[in-house]
Amino acid sequence: MDAGERDAPMYIALDLPDLAWRAAEEVVHTAQEAIAIREVFHLALSGGFTPLPLFALLAMPEWAARVDWARTHVYWADERCVPPDSPQSNYRAAYDALLERVPVPPGHVHRIRGEINPHEAAAEYERVLSTVTLDLVLLGLGDDGHTASLFPGTAAIHETEQRVAAQRIAKLDAWRITLTPAALNTAGKVVFMASGAEKAAVVRDVLRGPFQPDTLPAQVIHPESGQLLWLIDRAAAGML
Ligand code: 6PG
């Protein structure tokens, strides 16, 4: 793959609030389209700070009313191996900011069980995803090039069979559960979100630098027949 093949539509927002607004529009429109065609919307969320303003926006009544939450199923692109009430839990972050504030049926919230053995949690989530094609995956970007919990130098970057992997991340001295390219690249739409000047160099490297996915795992994300969209703010776009 050369740099040209990594060209994807990009929206450059003014700042993080503007980015959240644009991402919320993407969620609303993708949900409406999926529900119109298949009567169900499968949405995968990420952790980190970047999506928090988006979650807050979607929880506001005027935005919440634009998504048919009763037909929406929620998943995660990755999870930290902590209990669901931990401040580090990606499930908890999304629950507190969004899911407890919108009428999504509890049975439609498919969290990764970070509190059990990581291999068992990955196998369990593999079963959860076995009959699901994700309509929309929201991904973040770490300043080391990771996305979801596909970290540099880890085997999960090259996983094309199993959709979910348990991976020990040496530099974090922690386990993570992550969707693999087998799940992420079969999604209908994948949206990267990145904000702030501290992301500018990695945004440049992922999009414009040589293809080296072991170093920059975000480069393995290229949906086979779905769409890829980058939503970044001006600061994160500063080195493009
Ligand atoms: C996680 C993630 C991770 C995140 C990036 C960006 O669990 O931490 O899902 O991939 O999206 O690290 O994080 P920020 O949004 O905080 O920069």
Side-chain angles (χ1 to χ4, degrees), residues 13 15-20 22-23 43-57 74-84 86-99 110-115 118 121-122 125 134 136-154 156-157 159 164-181 183-185 187 190-207 213 215-221 228-233 235-238:
D15 50 23
L16 185 55
D18 187 34
L19 178 65
R22 181 62 180 76
L43 169 67
L45 306 175
S46 281
F49 292 104
T50 311
L52 295 178
L54 163 66
F55 295 164
L57 203 56
V74 181
Y75 307 82
W76 275 264
D78 71 322
E79 185 55 279
R80 294 101 183 265
C81 291
V82 294
S86 163
Q88 289 185 55
S89 163
N90 289 345
Y91 161 77
R92 181 179 170 176
Y95 183 81
D96 288 353
L98 172 62
L99 301 175
H110 308 278
R111 73 175 180 88
I112 301 172
R113 290 209 294 153
E115 69 275 30
Y125 217 57
L134 297 168
L136 177 60
V137 182
L138 302 175
L139 290 177
L141 179 67
D143 54 15
D144 61 355
H146 80 260
T147 191
S149 280
L150 299 171
F151 279 81
T154 55
I157 297 168
E159 181 58 60
V164 188
Q167 188 77 67
R168 187 173 177 282
I169 313 300
K171 73 175 177 185
L172 301 178
D173 190 20
W175 284 81
R176 294 281 185 100
I177 312 295
T178 187
L179 301 200
T180 72
L184 299 170
N185 285 336
V190 176
V191 175
F192 273 104
M193 296 171 66
S195 168
E198 62 279 12
K199 298 287 172 71
V202 71
V203 165
R204 176 200 60 202
D205 293 347
V206 168
L207 287 171
T215 310
L216 296 167
Q219 289 182 331
V220 298
I221 305 303
L228 178 62
L229 173 66
W230 280 76
L231 298 182
I232 62 179
D233 63 13

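Read the numbers this way: they start at 1 and go in the same order the structure lists the ligands and their atoms.
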Quick one: do His146 and Ile169 satisfy side-chain contact (heavy atoms from CB on, under 4.5 Å)? Show the steps, please.
CA-CA 11 Å; His146 80 260; Ile169 313 300; over 6 Å; no
Step by step, would you call Asn185 with Ile221 a side-chain contact (heavy atoms from CB on, under 4.5 Å)?
CA-CA 6 Å; Asn185 285 336; Ile221 305 303; 4.0 Å; yes
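For Ser195 (side chain) and Asp233 (main-chain N/O), no donor-acceptor pair under 3.5 Å exists by modelled atom type. Put simply, the side chain of Tyr91 never gets that close to the backbone of Arg113: no donor and acceptor are under 3.5 Å apart. Not a single donor-acceptor pair under 3.5 Å links the side chain of Tyr75 to the backbone N or O of Tyr125. For Thr147 (side chain) and Ala218 (main-chain N/O), no donor-acceptor pair under 3.5 Å exists by modelled atom type.
Under the 4.0 angstrom criterion for non-hydrogen atoms, Met193 is not in contact with ligand 1.
Tyr95 OH to Arg111 CZ: the interatomic distance, rounded to the nearest 0.5 Å, is 11.5 Å.
Annotation for ligand 1: atoms under 4.0 Å from non-hydrogen atoms of Gly140 are 11 (O). Near Lys199, meaning under 4.0 Å from one of its heavy atoms, ligand 1 places the atoms 14 (P), 17 (O). Interface atoms of ligand 1 facing Asp78, defined by a heavy-atom separation under 4.0 Å, are 1 (C), 2 (C), 7 (O), 9 (O). Of all atoms in ligand 1, listed by their number and element, those nearer than 4.0 Å to a heavy atom of Ser46 are 9 (O). Ligand-side atoms of ligand 1 in range of Gly48: 13 (O), 14 (P), 15 (O), 16 (O), range being under 4.0 angstrom from any heavy atom.
For ligand 1, one of its N or O atoms has an N or O atom of Ala148 under 3.5 Å away. The shortest N or O to N or O distance between Leu139 and ligand 1 is not below 3.5 Å. Any N or O atom pair closer than 3.5 Å counts here, and Leu141 shares no such pair with ligand 1. Residue Arg80 has at least one nitrogen or oxygen atom sitting less than 3.5 Å from a nitrogen or oxygen atom of ligand 1, judged on distance alone. Every N/O-N/O distance between Ser149 and ligand 1 stays at or above 3.5 Å.
Among protein heavy atoms, atom 4 (C) of ligand 1 sits closest to Gly47 O, 3.9 Å. Of the protein's non-hydrogen atoms, His146 NE2, 2.6 Å is the one closest to atom 12 (O) of ligand 1. Regarding atom 16 (O) of ligand 1, its nearest protein heavy-atom neighbour is Phe49 N, 2.8 Å.
Between Ala156 and Thr178, the shortest heavy-atom distance links the atoms CB-CG2, 4.2 Å. Across all their heavy atoms, Ser46 and Asp78 have their closest contact at CA-OD1, 4.3 Å. Asn90 approaches Glu79 most closely through the heavy-atom pair N-OE1, 2.8 Å.
Residue contacts with ligand 1, taken as heavy atom pairs separated by less than 4.0 Å, involve Arg176 solely via side-chain atoms from C-beta onward. Looking at Thr50 against ligand 1, both its backbone and its side chain come within 4.0 Å, counting heavy atoms.
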